[in-house]
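Data block below; observations after.
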Number of protein chains: 2
Amino acid sequence: MRGGTPLCRALGDDVSTKKATIKDVAREAKVSIASVSRVLNGLGGVTAETQDAVRKAVARLHYVPDSAARSLITGRTHTIGAVLPDLYGEFFSELIRGIDLAARARGLHLLVSSSHDGVEDAAAAVRTMRGRVDGMIILSQFVDGDFLEQNMPADLPAVLLDSPVDDPRYPSINLDNVAGAQAMVKHLLDIGHASVAFINGPAGNFDAQEREKGYRAAMRQFAPKVPLNIVAGEFTEESGYRAGRELLAQPVRPRAVFAANDMMAVGCLYAFKEAGIRVPEDIALAGFDDILIARYVTPSLSTVSVSIADLGRRALLLLTELMEGKGPIGGPHTRTLPCDVVARESCGAKGTNNVASKHPPALV
Amino acid sequence: MRGGTPLCRALGDDVSTKKATIKDVAREAKVSIASVSRVLNGLGGVTAETQDAVRKAVARLHYVPDSAARSLITGRTHTIGAVLPDLYGEFFSELIRGIDLAARARGLHLLVSSSHDGVEDAAAAVRTMRGRVDGMIILSQFVDGDFLEQNMPADLPAVLLDSPVDDPRYPSINLDNVAGAQAMVKHLLDIGHASVAFINGPAGNFDAQEREKGYRAAMRQFAPKVPLNIVAGEFTEESGYRAGRELLAQPVRPRAVFAANDMMAVGCLYAFKEAGIRVPEDIALAGFDDILIARYVTPSLSTVSVSIADLGRRALLLLTELMEGKGPIGGPHTRTLPCDVVARESCGAKGTNNVASKHPPALV
DNA sequence: ATGAAAGCGCTAACAG
DNA sequence: CTGTTAGCGCTTTCAT
């Protein structure tokens, strides 16, 4: 269907019925296909005239090289794959944005597979990308040594995000959860809050474990006499609410609370408000992540901020190095992305940084 | 580098040095490559034995067909492209999620190009996808008839999102902005607010225009005596704040305010709070989009909600129909996605739906 | 039911 | 500097 004679070659024909191939260009430019290829790939060894003729023919025919044919022979796809879990809106979009921007700047395309909740899901995603990408960026709690062994096409470069895996073949970039949490706890202590409680994340979660580590380290270092006070949470707003009530029920109420993420901090805030406890006057509160709502709750939430887009950008950079065979040159296989303490109203230190307009307007 | 003899064919060799090809499978199964192809593509015309031999060989060799070679000959990539602007976090992730899930279910991959702010940017994205995708989903304020004419490879199916373009070749799916806005204004009127003002979006914005249309329609129909009251906005929180102050400065303060999006409503809310005006007691307030913060501001914001993931899912469905050559069968080229009025505290009707936990927990 | 062979559009030797 | 030619791995006639 749609057919049309393949012979409509009237000079300067614009309305090419079928996609032009390298042969058409060669004929049009009156040179060999080899020369066309040379010009297109900037290999040199062609006179300016030939070059010109080819370029003109290409333009006249609206020729675009077939990427499949090219891939078939070169073995490269100029595409990188991103395998991501069911990430929270902001993280997801920022991460993709960071990766995509950096990739485009290098002429790479981005193949995305998102929303993987299970190991099998993630494994399938990784496997179906085989042959379609030159490298992968993987963020998944299910990815460990075994997983990689079983699902990764041995020679495919990959960068892991936020992963505990420590394998020279698969370098990873992690948030500096430990330092971030430590800095926040130190900050709370510094501004005079004598005791700091910690609302933990889900038991098996890597970020949660690291943040807890940071809490412990800071307490050990800066308030060694003060007993640790850790309550359980699940990273959800609701679990934060429960943790808040639990904290309030303790014989001695802590002076400050550091939640392992912002959603729990928000839940916790509700619990405090409900109980008539003022924040930060009666109790200080801080979270982690700096999600958008952190600025909009009342009081605005102090938190630890991370540039997710930067994480994506750096992951792509590292991946391209890997793809170029340089290997993860110099330094350890595991790199770390710094976090910043953002002091807003809820911690009782500053009170200004309430509303920022960092985010672009909604478009839909 | 990495080399290794291509002859390590010891029976049952697992550690294939190079990727196995269809020839290897044929040899291993002692059949012709044609038979292997037939089995792999389920074309029938093969005995059970042949089939079995092939399957075993495939498994033994960990054979995976080369997608580039396949594309070269079939002309299909089993990949669809998504071209998106610099969308707000939630919209972006929900949209991708909706598209990706539906695509995966059909064995399609998703090539994403995001963050396009200019026409040239979007054009480049569309052009570089040529040949790499079987169809496209495009959301961009820059896409109009001309754009498509100039950048779309004539035979590539595409569906447009949230676009005013009305071209049978490029069906589109739009949010039902008009009906949504109309329903919200009617709701405000219904619950007793005598006058409703409207904070508009950016002048050239399609959504904004449609929402204004809805406001006008509702006022005309349900409060024909009440004068229209429209103030300018830019979809940003800050412009909402300014609009709020402008509204307060009017000789007669409106009883209710409907902002064309939630971010402006939030800004407006700050203006009201600052002026000591109570919401909803002194003035009712409503937005559009149902972004996450809408639930978390105080009072929680009444708004119009849209299932963005559903938009993505439906876009992919429509696209696959197009790709299968069915064309956008039956119905107009432009379809519409319904919106729901979500009454929370700020409009003064209900006061419960404050905190929902619809969103998954943050993972990073 | 099976195999041999002809390309898909391109790159990369290898000749001239 | 340019052209000829041999495949890349696969699907698909066309014979058998």
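In this text the structure is predicted, and so the values were computed from the model without any measurement.
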Apply salt bridge (Lys or Arg N to Asp or Glu O under 4.0 Å) to Asp86(B) and Arg97(A), showing your working. CA-CA 8 Å; Asp86(B) 207 340; Arg97(A) 202 186 307 296; 2.4 Å; yes
What is the distance from CD1 of Ile73(A) to P of dG9(C), rounded to the nearest Å? 14 Å
Output the single nucleotide from dT12(D), dC10(D), dC8(C) whose closest atom is nearest the side chain of Ala34(B). dT12(D)
Give a yes/no on whether any side-chain N or O of Thr50(B) is located under 4.0 angstrom from OP1 or OP2 of dT2(C). yes
Phosphate oxygens OP1/OP2 of dG9(D): is one of them under 4.0 Å from a side-chain N or O of Thr21(B)? no
Between Ser37(A) and Lys30(B), which residue's closest nucleotide on DNA chain C lies nearer the 5′ terminus? Lys30(B)
Does OP1 or OP2 of dC10(D) have a side-chain N or O of Ser71(B) closer than 4.0 Å? no
Does a side-chain N or O of Arg38(A) approach OP1 or OP2 of dT11(C) to a distance below 4.0 Å, or not? no
Can you figure out which of dC10(C), dC8(C), dT2(D) approaches the side chain of Pro65(A) most closely? dC10(C)
Figure out the CD1/P separation between Ile33(A) and dC8(C), and round it to whole Å. 11 Å
Salt bridge Arg55(A)-Asp52(A), side-chain N to carboxylate O under 4.0 Å: no
dT2(C), dG9(D), dC10(D): which one has an atom nearest the side-chain heavy atoms of Leu72(B)? dG9(D)
Please determine if a side-chain N or O atom of Ser35(B) lies less than 4.0 Å away from the OP1 or OP2 oxygen of dG3(C). yes
